[in-house]
S.K.: 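Pasting a structure below so you can have a look.
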Amino acid sequence: MPQANIVVYGAPWCPDCKRAKQFLGEQRVPYDWIDIDRDETARAYVQQLNDGKQIIPTIVFEDGSLLVEPSNAELAAKLGIQPKARRDFYDLIVVGGGPAGLSTALYAAREGIETLVVERSAIGGQAGVTERIDNYLGFPQGVEGARLADDMRAHAERFGAEMLPAQTVAAVRADGSYRTVATESGDEYGAMALLLAVGTRYRRLNVPGEEDFIGAGVHFCATCDGPFYKGQNMVVIGGGNSALEEGLFLTRFADRVTLLVRGDALRASRALQEKAANHPKMEIRFNASVQEFHGDGRLSAVVVKDSKSGSAEEMRPAAVFVFIGLDPTTDFLGDLVELDEWGFIRTFDNMQTSVEGIFAAGDARAGSTKQVASAVGEGAAAALMIRQYLEKTGDRRGYRGD
Ligand code: NDP
């Protein structure tokens with residue numbers, strides 16, 4: 001049974017805190033909330049618990065044990081809760097609850113296709129932790145990522161799509177015309193068709209010190225950690241859309257944001273390049289390659305080499321944010337479906353992967369454009385292809401095809 005006396009330390013702007021609180025609320029688990037932005041003692045306590053690192057949410061349980069920035073699946077396991085789907089067989093299982101998966105779920109459920117969405121963390125995916133999305137059609141003022149995620153979920157649920165949160169898919173199998181999804185907690189669900197909409201995670205630099213200072217000066221989410229560094233200097237690494245967009249967002253808090261670009265050109269869109277070039281708080285340095293991170297418990301210095309002159313210098317920002325591209329989260333697929341050399345899922349005709357009845361959409365699909373709008377579009381296209389596939393196989397439960 002759920003435990004009581006749980007304390008969640010976090011801050012109101014932190015998306016992972018919101019997700020953890022929402023999960024506890026949904027599971028009816030009582031907890032106390034402490035905002036470390038308003039409570040210096042609590043902030044110091046969180047740092048003490050995390051060896052000097054300030055990582056939120058930090059969740060302390062009745063027995064004194066803690067979970068730091070847990071996924072919903074880890075939280076569920078700790079609480080002894082095992083969310084289960086209502087049935088064990090569906091027409092369609094969608095793996096991944098970001099915009100692509102939710103779009104497929106909405107289209108499919110609306111046509112009477114019995115659909116389950118399995119998501120290990122928060123419904124909404126990466127878009128859900130993006131502070132503001134400015135280029136999604138229909139929102140002329142931009143839209144908060146968290147709000148868009150909530151609305152997308154509600155929309156898919158309105159047509160009967162079932163959400164299974166906090167469950168990590170460990171493996172996927174194809175047995176004849178049946179497809180099976182096995183979760184890390186040991187449950188199995190079957191379906192006639194699968195959609196893989198598993199998304200990506202931010203790539204690491206893999207230089208000395210990076211791992212040691214994650215959460216203690218090295219970060220991968222500006223919305224999650226930027227507000228910790230109000231009035232200080234920050235470094236952003238990367239020259240693509242993510243680096244510039246997140247760097248511009250960080251200027252709200254930072255005194256100065258220095259963008260370190262390893263080559264001599266940016267990859268971001270023209271509009272973002274212009275915004276960054278004209279921003280009084282932003283500085284862009286080219287040919288700047290990060291060699292290592294130093295510190296004692298928390299980041300104190302970044303060694304940056306000028307790849308033209310070969311000279312190295314030490315920078316001392318309060319925090320570094322790394323945005324150097326995306327890796328697909330496809331390890332769990334093994335060699336079931338064909339992947340490209342970077343691990344993205346190859347699709348052939350009609351968004352189908354190399355295995356019949358298994359489709360892919362969104363950021364983890366090879367060739368995808370990593371835009372919310374295209375993820376939603378790919379999700380809708382995949383749903384129509386899945387409908388055709390189900391009509392062809394004829395053997396489905398809820399879908400009548402008329
Ligand atoms: P990108 O692949 O577009 O850019 C990666 C950047 O990181 C490049 O500047 C690259 O440099 C640099 N880089 C890669 N590896 C390293 C390394 N080891 N050390 C230093 N620098 C490195 O990735 P993004 O995360 O920016 O974007 C991913 C996708 O998401 C893109 O398709 C992008 O368009 C999309 N996106 C769209 C947004 C929007 O439309 N508003 C917002 C955010 C992302 P180099 O050029 O030298 O390889």
Side-chain angles (χ1 to χ4, degrees), residues 98-100 124-145 148 197-211 218-224 226 235-250 257-277 282 284-293 302-308 312 315 317 320-329 340-344 361-378:
Q126 239 164 46
V129 292
T130 301
E131 202 267 335
R132 179 157 285 271
I133 296 165
D134 251 343
N135 52 1
Y136 187 53
L137 188 66
F139 294 88
Q141 310 307 324
V143 56
E144 231 180 85
L148 186 63
V198 292
T200 54
R201 72 166 82 81
Y202 283 109
R203 192 178 293 154
R204 305 262 164 107
L205 277 166
N206 293 322
V207 300
E210 181 184 38
E211 199 67 31
V218 175
H219 302 278
F220 297 84
C221 173
T223 324
C224 312
V235 156
V236 169
I237 301 169
N241 278 335
S242 299
L244 268 75
E245 209 156 71
E246 303 298 314
L248 285 163
F249 169 69
L250 289 171
V257 173
T258 307
L259 195 78
L260 301 180
V261 184
R262 70 171 171 186
D264 52 14
L266 294 172
R267 243 197 244 187
S269 70
R270 271 274 275 290
L272 279 173
Q273 291 197 30
E274 274 168 24
K275 258 193 189 169
M282 251 188 137
I284 304 178
R285 286 209 213 164
F286 293 99
N287 305 308
S289 101
V290 171
Q291 305 293 297
E292 63 186 289
F293 297 103
V302 186
V303 179
V304 184
K305 190 170 144 196
D306 182 319
S307 51
K308 280 235 159 107
M315 294 178 72
V320 171
F321 288 82
V322 183
F323 296 109
I324 58 166
L326 304 165
D327 286 327
T329 44
D340 73 6
E341 56 189 306
W342 299 283
F344 289 88
D363 286 6
R365 195 182 68 80
S368 60
T369 52
K370 281 75 183 172
Q371 303 287 312
V372 178
S374 37
V376 167
E378 288 189 16

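In listed order, ligands and their atoms are each counted from 1. Just so you know, residue 1 is the first one in the sequence shown, and it goes up from there.
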S.K.: Who gets closest to atom 4 (O) of ligand 1 by heavy atom: Ser368, Ala243, Gly240, Ala373?
M.R.: Gly240
S.K.: Is any side-chain heavy atom of Thr223 less than 4.5 Å from a side-chain heavy atom of Val129?
M.R.: no
S.K.: Where is the nearest protein heavy atom to atom 38 (C) of ligand 1: which residue, which atom, and how far?
M.R.: Asn241 CB, 3.7 Å
S.K.: Determine whether a donor-acceptor pair (N or O, by modelled atom type, separation under 3.5 Å) exists between the side chain of Ser368 and the backbone of Asp363.
M.R.: yes
S.K.: Are Leu326 and Lys370 side-chain neighbours, meaning at least one heavy-atom pair lies under 4.5 Å?
M.R.: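 Yes - at least one pair of side-chain heavy atoms lies under 4.5 Å apart.
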S.K.: Does Arg285 reach the side chain of Thr258, with side-chain heavy atoms less than 4.5 Å apart?
M.R.: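 Result yes, sub-4.5 Å side-chain heavy-atom pair found.
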S.K.: Consider every N or O of Arg267 and every N or O of ligand 1, then say whether any pair is closer than 3.5 Å.
M.R.: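 Between Arg267 and ligand 1, an N or O pair is found under 3.5 Å apart.
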S.K.: Does a side-chain heavy-atom distance below 4.5 Å link Asn241 with Arg267?
M.R.: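 A side-chain contact under 4.5 Å is absent here.
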S.K.: Are Cys224 and His219 close enough that some pair of their side-chain heavy atoms sits under 4.5 Å apart?
M.R.: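 No - every pair of side-chain heavy atoms lies 4.5 Å or more apart.
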S.K.: Just need the protein heavy atom nearest to atom 37 (C) of ligand 1, so name the residue and atom and give the distance.
M.R.: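 Answer, as residue, atom name and distance: Gln371 NE2, 3.2 Å.
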S.K.: How far is atom 7 (O) of ligand 1 from the closest protein heavy atom, and which atom is that?
M.R.: Ile324 CA, 3.3 Å
S.K.: Identify the closest protein heavy atom to atom 28 (C) of ligand 1: which residue and atom is it, and at what distance?
M.R.: Leu326 CD1, 3.4 Å
S.K.: Which of these, Glu245, Arg262, Gln126, Lys370, has its nearest heavy atom closest to atom 41 (N) of ligand 1?
M.R.: Glu245
S.K.: Counting non-hydrogen protein atoms only, what is the nearest one to atom 39 (C) of ligand 1? Give residue, atom name and distance.
M.R.: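 Protein heavy atom at minimum distance: Asn135 ND2, 3.6 Å.
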S.K.: Hey, are Arg203 and Asp327 close enough for a salt bridge, meaning a charged N less than 4.0 Å from a carboxylate O?
M.R.: yes
S.K.: Out of curiosity, is Thr369 lining ligand 1, as in a heavy atom under 4.0 Å away?
M.R.: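 It does, in that a heavy atom of Thr369 comes within the 4.0 Å cut-off of ligand 1.
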S.K.: I'd like to check whether Ser242 has a polar contact with ligand 1, where a contact means an N/O of the residue lying under 3.5 Å from an N/O of the ligand.
M.R.: yes
S.K.: Got an N/O contact under 3.5 Å between Gly239 and ligand 1?
M.R.: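 Among all N and O atoms of Gly239, at least one is under 3.5 Å from an N or O of ligand 1.
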S.K.: Between Asp363 and ligand 1, find which residue part has any heavy-atom pair under 4.0 Å and reply side chain, backbone, both or neither.
M.R.: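 It is neither part, as no heavy atom is under 4.0 Å.
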S.K.: So which heavy atom in the protein is nearest atom 19 (N) of ligand 1, and how far is it from that ligand atom?
M.R.: Leu205 CD2, 3.4 Å
S.K.: Distance from Asp340 atom CG to Arg365 atom CZ, nearest 0.5 Å?
M.R.: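 So the gap between those two atoms works out to 11.0 Å.
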S.K.: What protein heavy atom is closest to atom 23 (O) of ligand 1, reported as residue, atom name and distance in Å?
M.R.: Gly325 CA, 3.3 Å
S.K.: Compute whether any side-chain donor of one residue and acceptor of the other, for Thr369 and Ser374, lie under 3.5 angstrom apart.
M.R.: yes
